[in-house]
Amino acid sequence: HFKVLKSSSEHMLQLVNDILDFSKLEAGKMEMENNSFNLKHFLQKSINPFVNSTNNNKVQYKLEIDDALDRNIICDEMRLNQVLNNLLSNAKKFTESGNITLTEKIEINKSHSFVVYFSVRDTGIGIAPAKIRQIFESFTQADTETTRKYGGTGLGLAISKHIVEK
């Protein structure tokens, strides 16, 4: 009973936080912070809860880190973690077996600034190409069958999109 209660309360907290974040974004009130942190350590820390929480030995998590990412960056650490958490959570939800891979690649410009590209790949059920744009819309999922089977509000990717654009 405790596990069900814990899971339900975590789900409810996530839902409330998503709705609050979405409201802030819609009102243009979400502020981004600039913190300095080591990107490589951050990424290792970000994937650990997923690696440690899986009771399913059928799913393997992989982290592919570009060696150039072992550096400090200035970014909103909490919001970057929120985006990666949304992507990894979706991958976990839709992957029954196989692997989930978090990959980062850095592109250094001549001005010594750089862009970091993140991707999450999985061996899950996939997304129909015609539905890819749709899943980034608020309160939207790929289809009603997905909503019934896997749950969710359809806010995680919409929030992530807004954060990345900001």
Side-chain angles (χ1 to χ4, degrees), residues 1-15 17-18 21 35 37-73 75-108 114-137 140-165:
H1 292 289
F2 179 71
K3 286 180 182 178
V4 170
L5 180 62
K6 184 178 184 289
S7 174
S8 296
S9 63
E10 287 171 351
H11 183 263
M12 183 62 74
L13 179 61
Q14 184 62 50
L15 177 61
N17 285 335
D18 281 351
D21 283 344
N35 309 322
F37 59 94
N38 182 280
L39 188 54
K40 182 177 181 180
H41 296 151
F42 165 80
L43 294 167
Q44 291 166 333
K45 188 173 69 173
S46 294
I47 200 167
N48 279 342
F50 294 92
V51 172
N52 295 329
S53 73
T54 185
N55 295 329
N56 179 355
N57 292 333
K58 295 178 181 177
V59 178
Q60 180 183 7
Y61 286 86
K62 298 177 184 178
L63 180 59
E64 296 176 355
I65 300 178
D66 188 325
D67 289 335
L69 291 174
D70 192 5
R71 62 175 63 217
N72 279 6
I73 65 165
C75 177
D76 191 325
E77 183 177 6
M78 183 181 84
R79 296 299 175 193
L80 179 57
N81 187 59
Q82 184 176 7
V83 170
L84 294 177
N85 187 52
N86 281 335
L87 296 174
L88 289 166
S89 293
N90 278 357
K92 181 180 178 180
K93 186 186 327 184
F94 297 109
T95 304
E96 292 182 20
S97 64
N99 55 57
I100 297 171
T101 305
L102 173 58
T103 305
E104 307 77 28
K105 187 166 181 79
I106 190 168
E107 183 179 287
I108 300 174
F114 54 90
V115 176
V116 180
Y117 296 94
F118 299 93
S119 71
V120 174
R121 293 186 322 266
D122 62 64
T123 56
I125 63 172
I127 304 166
K131 302 284 184 170
I132 289 177
R133 281 205 166 117
Q134 180 181 336
I135 64 170
F136 290 97
E137 295 174 13
T140 304
Q141 292 185 344
D143 57 45
T144 54
E145 184 180 323
T146 301
T147 305
R148 275 189 227 114
K149 184 174 180 181
Y150 298 100
T153 59
L155 282 176
L157 292 179
I159 290 169
S160 295
K161 179 183 177 200
H162 282 290
I163 290 171
V164 169
E165 289 171 347

What pair of heavy atoms forms the shortest contact from [X] to [Y], and how long is it?
X      : Y     : answer
Ser46  : Leu88 : O-CD1, 4.3 Å
Val120 : Ala91 : CG1-CB, 3.8 Å
Val116 : Leu39 : CG2-CD2, 3.9 Å
Thr95  : Val59 : O-CG2, 3.6 Å
Thr123 : Ser97 : OG1-O, 2.8 Å
Ile159 : Gln82 : CG2-NE2, 3.7 Å

Do [X] and [Y] come close enough that some side-chain heavy atom pair is under 4.5 Å?
X      : Y      : value
Ile125 : Glu96  : no
Asn35  : Met78  : no
Ile127 : Phe94  : no
Leu87  : Leu157 : yes
Phe37  : Leu80  : yes
Asn81  : Phe42  : yes

Hey, could you give me the [atom1]/[atom2] distance between [X] and [Y], rounded to the nearest 0.5 Å?
X      : Y     : atom1 : atom2 : answer
Asn48  : Tyr61 : CG    : OH    : 12.0 Å
Lys40  : Asp67 : NZ    : CG    : 6.5 Å
Ile100 : Leu63 : CD1   : CG    : 13.0 Å
Ile47  : Ile65 : CD1   : CD1   : 8.5 Å

**Prompt:** Which residues pass the side-chain contact (heavy atoms from CB on, under 4.5 Å) test with Thr101, sequence neighbours left out?
**Reply:** Lys62, Glu64, Asn99, Thr103, Arg121
**Item:** Partners passing side-chain contact (heavy atoms from CB on, under 4.5 Å) against Lys161 (at least two apart in sequence or in another chain)
**Value:** Phe136, Glu165
**Message:** Quick one, Lys105 with Asp66, criterion side chain to side chain contact (heavy atoms under 4.5 Å, CB included). Give me CA distance, side-chain angles, the key distance, then yes/no.
**Reply:** CA-CA 6 Å; Lys105 187 166 181 79; Asp66 188 325; 4.1 Å; yes
**Asked** Could you go step by step and tell me if Asn85 and Phe50 meet the side chain to side chain contact (heavy atoms under 4.5 Å, CB included) rule?
**Response** CA-CA 9 Å; Asn85 187 52; Phe50 294 92; 2.9 Å; yes
